[in-house]
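Comments concern the structure below.
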Amino acid sequence: MTDLKNASIKINWGKTYSFLTFILVLFSHFTVYSQSSDFIYGRLIDTDSGEGIPFATIMVKDLGKGVISNAQGDFIIPKTIQNDTLIISCIGYTSKYVNLKNLKKQELNTIALKVAVISLDEVVIKAKKRVKSLSPIKIVKKSIEQIPKNYSLNPFSYVAYYRDYQTKSDNYINLNEALIEVFDNGFNTCDRTDSKVRLLKYKVNQEFERDLTLEINYDNYNRKFLPYARIDPSGGNELTMLMIHDAIRNYEQPAYSFMYKMKDDFLINHKFTLAKIIEMEGGSFYVIDFKLSNPQYDDNYEVFGQVFINRDTYAIYKLFYSLYNTQKDEKQLIFNAQVEYVKHDSLMYLNYISFSNVFKMPNPKDFVITDILYNTNKNMLLVTFNNPYLSDVALKRSNYKVKVDNKRVDVKMVINDTPKTICLKLDDVSAFPKITNKDSNRIKIDIKKLTDIEGRKLGVRTYLNYKQYRELFVQQVQTSWKEKPMSIIDKFLPLRDNDIPEFEETLEYWMNTPLMK
């Protein structure tokens with residue numbers, strides 16, 4: 001092994017490489033285990049399809065609070081609550097009442113819900129005047145105009161369970177959970193600046209996989225980014241960013257592409273179709289599908305969305321929005337946004353909001369150079385890689401081009417130093433001014449055809465796909481509140497870095513931690 005540690009100069013190769021090889025091309029059966037015995041576990045499924053029902057409300061009748069099922073239809077309820085009834089409801093399904101005594105402990109309880117849908121053809125005759133009087137776009141327009149009447153303009157508050165996490169192959173990674181209390185000054189104020197949040201409890205869940213490399217901030221370029229989209233890094237912390245994406249609450253503020261300001265842009269950018277009318281507890285609802293219609297965006301993006309609007313009050317109960325990129329042959333999902341409101345007394349209040357997006361990160365197994373040192377005494381370059389290289393190719397001198405002051409210097413010998421390091425003995429460089437640490441960028445190296453022992457080509461960047469989720473599930477609503485002393489969070493500081501005081505009332509609310517698979 002050649003000793004090149006003495007008299008070595010570190011080459012700033014990351015900034016001085018000028019060859020093509022290193023340019024990053026950017027175009028580019030369910031089982032429960034290890035669960036606590038203090039809870040009852042349930043899964044909601046569609047009676048017909050058997051698929052899980054996401055984001056259904058599971059309310060404990062006498063307590064007046066509850067939880068929301070997750071994306072797989074799972075939920076948990078403390079087993080100490082036994083003499084009560086669950087009211088299970090979800091838009092599009094018939095509500096169901098379940099006695100907690102009938103649910104098994106330490107087992108997964110499967111509960112089926114029936115679809116509550118009446119096709120459009122069946123209701124046109126009964127509701128001909130109502131359907132004919134307003135076109136889909138006018139229904140949506142009226143629903144937006146009615147927001148000040150259907151949602152509270154007075155201060156209100158709610159306690160909610162919040163979580164953010166990533167997934168790969170449906171496995172939870174970096175699950176963080178919190179109980180929060182939100183104090184909203186009303187729909188005539190700006191949610192981002194005027195609403196206040198206090199943190200009741202925060203938990204970095206160590207029972208699920210943790211991967212620190214995925215927790216870095218989005219750079220919208222190559223370290224962590226959304227294909228064909230951007231995330232505003234100044235949007236605030238993870239909770240603040242989620243709440244911004246509630247297009248109903250922020251109907252006068254920017255939410256996301258291509259919704260933007262719902263009040264001004266939703267109707268302009270989308271085409272609406274009345275898909276069906278459903279009858280369920282809470283009334284009769286228009287189900288309106290929409291897609292992107294603005295010619296400026298149609299060639300590159302596609303939207304699928306649905307909005308559920310009460311036919312009597314024109315209150316928006318549910319909004320679903322998915323954005324895809326269509327620049328290639330197949331659609332690529334960018335994000336899903338879903339928000340639902342429920343009625344308390346005579347007004348609508350948030351039930352849940354979920355925002356998920358895909359993102360890409362460089363594959364840590366890609367074959368790259370990690371360091372280059374120049375030994376002034378021995379006139380050698382020491383090149384270190386992250387993976388063991390294939391020696392047969394690595395030892396060929398023709399694969400290396402070295403320049404000093406932009407003039408070619410021959411490589412006289414290639415030495416196999418370690419499985420991850422090679423040494424390049426250079427021709428005489430005495431004719432050049434002495435190379436020091438201050439001007440190490442005078443040396444440039446071009447390496448071609450190298451692969452690691454797994455066949456990965458040097459400098460060829462690949463990316464791994466992940467999904468990011470931020471979700472908020474309301475457990476209890478207070479339709480009015482008065483200003484009181486309280487510890488509020490800094491909306492631009494990560495939740496884990498905010499002060500987390502101890503509140504006795506957190507015992508009254510539940511972490512709806514996902515079930516392990």
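Only a predicted model underlies this, so the values are computations on that prediction, with no experimental measurement involved. Values reported hereafter were calculated over all heavy atoms of this structure, with side chains retained and with hydrogens, waters and symmetry mates removed. Start at 1 with the first residue, then count along the sequence.
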* To do: Using distance alone, with no hydrogens and no angle criterion, decide if Glu177 and Tyr161 have a side-chain donor and acceptor under 3.5 Å apart.
  => yes
* Is Ile216 atom CD1 crowded by more than 12 heavy atoms from other residues, nucleotides or ligands, each under 6.0 Å away? -> yes
* Side chains of Gln146 and Thr313: does their closest heavy-atom pair fall under 4.5 Å? -> no
* To do: Return yes if some donor-acceptor pair links the side-chain N/O of Asn300 with the main-chain N/O of Gln327 below 3.5 Å, else return no.
  => no
* Does Tyr301 use its side chain to pair, donor to acceptor, with the backbone of Tyr228 at less than 3.5 Å? -> yes
* To do: Dump the intermediate steps for side chain to side chain contact (heavy atoms under 4.5 Å, CB included) on Phe208 and Asn171, then the final yes or no.
  => CA-CA 9 Å; Phe208 293 84; Asn171 293 318; over 6 Å; no
* Asked: Within the side chain of Lys291, is there an N or O that forms a donor-acceptor pair under 3.5 Å with the backbone of Thr273?
  -> no
* Is there a donor-acceptor pair closer than 3.5 Å between any side-chain N or O of Thr85 and the backbone N or O of Tyr97? -> no
* Asked: Would you call Leu267 and Phe272 a side-chain contact if the rule is heavy atoms closer than 4.5 Å?
  -> yes
* Show the numbers, then the answer: is there a side chain to side chain contact (heavy atoms under 4.5 Å, CB included) between Ile489 and Asn237? => CA-CA 10 Å; Ile489 69 167; Asn237 63 27; 4.1 Å; yes
* **Test side chain to side chain contact (heavy atoms under 4.5 Å, CB included) applied to Ser69 and Ile58, step by step** => CA-CA 7 Å; Ser69 66; Ile58 301 97; 4.0 Å; yes
* Structure fact -> Leu495 and Glu238 have their tightest heavy-atom pair at N-OE2, 3.5 Å
* Asked: Does Leu347 offer a backbone N or O that forms a donor-acceptor pair with the side chain of Asp345 under 3.5 Å?
  -> no
* Report the distance from atom OH of Tyr469 to atom CG of Asp164, rounding to the nearest 0.5 Å. => 13.5 Å
* NZ of Lys360: more than 12 outside heavy atoms within 6.0 angstrom? -> yes
* Establish, from distance only, whether the side-chain atoms of Asp211 and Thr213 form a donor-acceptor pair under 3.5 Å. => yes
* Determine yes or no for a side-chain-to-main-chain donor-acceptor pair under 3.5 angstrom, with Asp219 supplying the side chain and Lys224 the backbone. => yes
* **OH-CD distance between Tyr158 and Gln476, expressed to the nearest 0.5 angstrom** => 14.0 Å
* Do side-chain atoms of Asn220 reach the backbone of Ile231 as a donor and acceptor pair under 3.5 angstrom? -> yes
* What heavy-atom pair brings Met241 and His245 nearest, and what distance separates the two atoms? -> O-ND1, 2.5 Å
* Structure fact -> Here the pair of heavy atoms bringing Ala56 nearest to Leu44 is CB-CD1, 3.4 Å
* **Check: Tyr314 and Ile139 side chains under 4.5 Å, non-hydrogen atoms** => yes
* **Any Pro254 side-chain heavy atom under 4.5 Å of Asp265 side chain** => no
* Would you give the length of the straight line joining atom OG of Ser95 to atom CG of Leu86, rounded to the nearest 0.5 angstrom? => 12.5 Å
* Test item: side-chain donor near acceptor, Tyr321 and His270, under 3.5 Å -> yes
* Given Glu252 and Phe187, is the side chain to side chain contact (heavy atoms under 4.5 Å, CB included) satisfied, shown in steps? -> CA-CA 9 Å; Glu252 293 184 308; Phe187 271 52; over 6 Å; no
* Asked: Is there a donor-acceptor contact under 3.5 Å from the side chain of Asp191 to the main chain of Ser195?
  -> no
* Test side chain to side chain contact (heavy atoms under 4.5 Å, CB included) applied to Asn351 and Glu340, His344, Lys343, the passing residue -> Glu340
* Asked: Under a 4.5 Å cut-off applied to non-hydrogen side-chain atoms, are Asn336 and Gln338 in contact?
  -> no
* **Main-chain N/O of Leu175 paired with Arg210 side-chain donor or acceptor, under 3.5 Å** => yes
* Anything under 30° is parallel, anything over 60° is perpendicular, the rest tilted; go ahead and classify Tyr165 against Tyr172. => tilted
* How are the rings of Phe266 and Phe290 set relative to one another: parallel (under 30°), tilted (30 to 60°) or perpendicular (over 60°)? -> perpendicular
* Asked: Aromatic rings Tyr341 and Tyr151: how do their planes relate, parallel, tilted or perpendicular, breaks at 30° and 60°?
  -> perpendicular
* Asked: Roughly how far apart are Phe75 CZ and Thr57 OG1, rounded to 0.5 Å?
  -> 11.5 Å
* Asked: Are a donor atom and an acceptor atom from the side chains of Tyr218 and Asn357 found within less than 3.5 Å of each other?
  -> yes
* Looking only at heavy atoms, which two atoms of Ser157 and Glu181 are closest? And how far apart? -> OG-OE2, 4.3 Å
* Do you know the tightest heavy-atom contact between Arg192 and Thr240? -> CG-CG2, 4.5 Å
* Side-chain (Asn109) to main-chain (Tyr41) donor-acceptor, under 3.5 angstrom -> yes
* To do: Hey, could you give me the CZ/CD1 distance between Phe308 and Ile278, rounded to the nearest 0.5 Å?
  => 5.5 Å
* Donor-acceptor side-chain pairing of Asn498 and Arg198 below 3.5 angstrom -> no
* Would you kindly say whether Asp499 and Ser487 are connected by a side-chain donor-acceptor distance under 3.5 Å? => no
* Please determine which of Ile244, Asp184, Ile147, Ile353 meets the side chain to side chain contact (heavy atoms under 4.5 Å, CB included) test together with Arg249. => Asp184
* Do we see a donor-acceptor contact under 3.5 Å between the side chains of Tyr463 and Asn222? -> no
* Does some side-chain heavy atom of Cys190 sit less than 4.5 Å from a side-chain heavy atom of Gln253? -> yes
* **Atom pair CD1 (Ile309) and CD (Gln306), whose distance is rounded to the nearest 0.5 Å** => 11.5 Å
* Side-chain donor-acceptor pair present, Thr462, Asp366, cut-off under 3.5 Å -> yes
* Asked: Which atom pair, heavy atoms only, marks the closest approach of Lys491 to Thr193?
  -> NZ-N, 4.4 Å
* For the residue pair Ser480 and Asn154, establish whether any side-chain heavy-atom pair is separated by less than 4.5 Å. => no
* Asked: Ile180 versus Leu472: any side-chain heavy-atom pair under 4.5 Å?
  -> yes
